[in-house]
Amino acid sequence: MRTGLFAAAAALAAASLPDAGWAQRAELTGEAALEVRAFPQAPLGPGQAQARLSPSARLVPEFLYEWNDGAWRFTVKPYIRFDAHDSRRTHVDLRELGVLYLGERLIVFAGFGKVYWGVTEVRHLVDIVNQTDAVEDIDGEDKLGQPMLSVTMEGAWGALDLIYLPRFRERTFPAGDARLSGVLPVGDVASYGSSAGAWHQDFALRWSRPIGALDLGASFFRGTSREPRFLLRQGEDGLPFLQPHYDVIDQLGIDAQWTGDATLFKLEAMTRGGHGERFVAATGGIEHTLYQVFGGGTDLGLLAEFMLDGRGPTAPPTVFDHDVFLGFRWAANDVHDTAILGGPVIDYRTGEVLALLEMERRLGDSWRFELEARFFANTAPGGVPHGLRRDGFVTLRLSRFF
């Protein structure tokens, strides 16, 4: 089935190869970046890398070819990372590789792609299509390319996305001797709840529609969970490690955003079955923007989000079970696009804190400087962040765009 679907998509693309009378465009762009992570504290484990400064580099070229006046598009976007101290963070991935057809009311894509669903700032409960690239950062924002065939139909009733996912991709984790690896290393070989393993056939769909000031979406997913739970195992050397296990789940989600003059109200909620008892999780919040503050042309957004998660002990662990995020977003509105986002995520039951800070600024037309900070405080023994309590870090990144 999966071979026939991709063969049909390839045949459709071949049937629309460019004619002399159609406009064509080829473009090579991308980003090259150097970065360094600074860890103020020594590592928790004696076997972890002792260096306080960890340099790395990444290259993200993108080749785009359009034909038939832009109705067809072929994209290749590899992601290449070299890291001095984490062997697993040194990796190559295909973020995008595929053919896209853009019709008036129909969009078709076949290949490796990325799909984003969600509206909230800290946690994206309904964003379930792509796998998390956890060696890039701990915030869950970086995603691996996903093999897919997707069809989007649009009408007065809204937009409907139908997505077929023929092969699962496992989550990446830091090497056992690297920073941010936790107390126990994560093994290389995963187990699955389905006998088909990574070839379990997954499906997803989402309906969305703007209704006045409200943007509303409803989604459904059936397939291999992108979140693993961890089984305690013993290696051949007698040392314990964690084996990722991926269950087959179903998830029904909703997302909504209401936009006022200066205020956004956001909601993501889902119910999931397959990790033991079915559970419900939700994230809701508000973002209010103060314009032209501090006597100038800058804007200040005030953010608050509440996170609840009712999963049981047999479900994958999460740090966002009863948390609140209190943050800000400051935009200088200058020629350099200077912006800062930050704030703490606080577990209001245990007092655990994850502090986040992100800053970016363009340097001329082709350069950008970024600063990112992640720190843990007041972690509770037995909690997910406790094994990372000494791995707070600051990342400095200088990117060149071409």
Side-chain angles (χ1 to χ4, degrees), residues 30-61 77-95 114 130-145 169-190 226-228 230 232-233 235-237 239-244 246 316-317 319 354-358 369-376 379 384-400:
E31 173 202 4
L34 296 174
E35 72 176 46
V36 61
R37 275 183 175 173
F39 295 91
Q41 292 184 289
L44 183 66
Q48 290 179 299
Q50 299 295 311
R52 301 291 186 92
L53 297 178
S54 182
S56 67
R58 74 182 183 195
L59 178 65
V60 192
K77 189 177 182 180
Y79 187 97
I80 305 165
R81 162 78 70 180
F82 172 79
D83 189 275
H85 297 111
D86 188 342
S87 59
R88 290 187 184 171
R89 198 166 186 245
T90 296
H91 69 296
V92 178
D93 181 55
L94 277 175
R95 294 307 204 232
K114 293 177 69 174
N130 289 85
Q131 179 59 274
T132 298
D133 189 354
V135 297
E136 281 298 308
D137 206 336
I138 62 173
D139 59 3
E141 299 287 343
D142 298 278
K143 300 292 182 176
L144 300 174
R169 300 198 65 189
E170 297 175 6
R171 182 167 297 193
T172 57
F173 295 97
D177 59 353
R179 299 300 295 260
L180 298 167
S181 60
V183 177
L184 293 178
V186 178
D188 294 319
V189 180
R226 273 48 182 165
E227 288 184 90
F230 298 96
L232 183 61
R233 303 298 193 197
E236 295 181 357
D237 56 3
L239 298 177
F241 70 95
L242 299 176
Q243 181 185 37
Y246 297 93
V319 298
L354 169 60
L356 309 172
L357 180 67
E358 300 176 0
F369 172 76
E370 297 171 273
L371 181 150
E372 298 172 351
R374 315 275 190 259
F375 284 94
F376 304 92
T379 60
V384 175
H386 195 59
L388 304 176
R389 61 190 182 276
R390 301 187 67 176
D391 281 345
F393 64 90
V394 176
T395 300
L396 303 177
R397 181 181 304 114
L398 182 63
S399 302
R400 171 72 162 85

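Keep in mind that the numbers below use all heavy atoms, side chains included, and drop hydrogens, waters and symmetry copies.
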Query raised in the report: Minimum heavy-atom separation for Gln131 to Tyr246, with atom names?
Result: NE2-CE2, 4.1 Å

Query - Any Glu370 side-chain heavy atom under 4.5 Å of Leu398 side chain - result: no

Query - Verdict with supporting geometry, His91 and Val135, side-chain contact (heavy atoms from CB on, under 4.5 Å) - result: CA-CA 9 Å; His91 69 296; Val135 297; 3.7 Å; yes

Report task. Compare every heavy atom of Leu59 with every heavy atom of Ala32, then report the nearest pair and how far apart it is. Result -> CB-CD1, 4.0 Å

Query raised in the report: Partners of Leu44 by side chain to side chain contact (heavy atoms under 4.5 Å, CB included), sequence neighbours excluded?
Result: Gln48, Val183, Arg389, Arg390

**Report entry** Min side-chain heavy-atom separation Thr132-Arg226 under 4.5 Å
**Finding:** no

Requested in this report: Kindly write out the residues that satisfy ring-ring contact (aromatic ring centres under 6.0 Å, His included) with Phe230, not counting sequence neighbours, or none if the list is empty.
Outcome: Phe173

Report task. Identify whether the distance between the nearest side-chain nitrogen and carboxylate oxygen of Arg81 and Asp133 falls below 4.0 Å. Result -> no

Requested in this report: Hey, could you give me the NE2/OG1 distance between His85 and Thr90, rounded to the nearest 0.5 Å?
Outcome: 10.5 Å

Requested in this report: Give a yes or no on whether the backbone of Gly145 and the side-chain of Arg169 come within a donor-acceptor separation of less than 3.5 Å.
Outcome: yes

Query raised in the report: With side chains defined as the heavy atoms from C-beta onward, is the minimum distance between Arg88 and Val186 less than 4.5 Å?
Result: yes

Report summary line: Heavy atoms of Gly187 and Pro244 approach each other most closely as O-CD, 4.0 Å

Query - Least distance between heavy atoms, Pro43 atom then Ala49 atom - result: CG-O, 3.6 Å

**Report entry** Pairwise salt bridge (charged side-chain N to carboxylate O under 4.0 Å, His left out) hits with a residue in residues 170-186, at least two apart
**Finding:** Arg179-Asp391

Requested in this report: Report yes if some heavy atom in the side chain of Val394 is under 4.5 Å from a heavy atom in the side chain of Phe375; otherwise report no.
Outcome: yes

Query raised in the report: Out of curiosity, Ile138 CD1 to Leu354 CG, how far, rounded to the nearest 0.5 Å?
Result: 5.5 Å

Query - Pro240: side chain to side chain contact (heavy atoms under 4.5 Å, CB included) partners, not counting sequence neighbours - result: Leu184, Leu232

Query raised in the report: Is there a donor-acceptor contact under 3.5 Å from the side chain of Arg37 to the main chain of Ser54?
Result: no

Query - Contact summary for Pro40 and Gly392, nearest pair of heavy atoms - result: CD-O, 3.3 Å

Query raised in the report: Of the non-hydrogen atoms in Leu388 and Ser181, which two are nearest, and what is the gap between them?
Result: CD2-N, 4.4 Å

Query raised in the report: Which pairs with one or both residues in residues 41-61 pass salt bridge (charged side-chain N to carboxylate O under 4.0 Å, His left out), sequence neighbours excluded?
Result: Glu31-Arg58

Query - Residue pair Phe376 / Val319, side-chain heavy-atom distance below 4.5 Å - result: no

Requested in this report: Determine whether Pro55 and Leu34 make a side-chain contact, defined as any pair of heavy atoms from C-beta on separated by less than 4.5 Å.
Outcome: no

Query raised in the report: Taking only residues two or more places apart in sequence, or in another chain, which ones meet Asp139 in a side chain to side chain contact (heavy atoms under 4.5 Å, CB included)?
Result: Asp137, Glu141, Asp142, Glu358, Arg374

Query raised in the report: In Å and rounded to the nearest 0.5 Å, what is the CZ to CG distance from Arg89 to Asp83?
Result: 5.0 Å

Query raised in the report: Measuring from Arg233:CZ to Gln243:CD, what's the distance to the nearest 0.5 Å?
Result: 4.5 Å

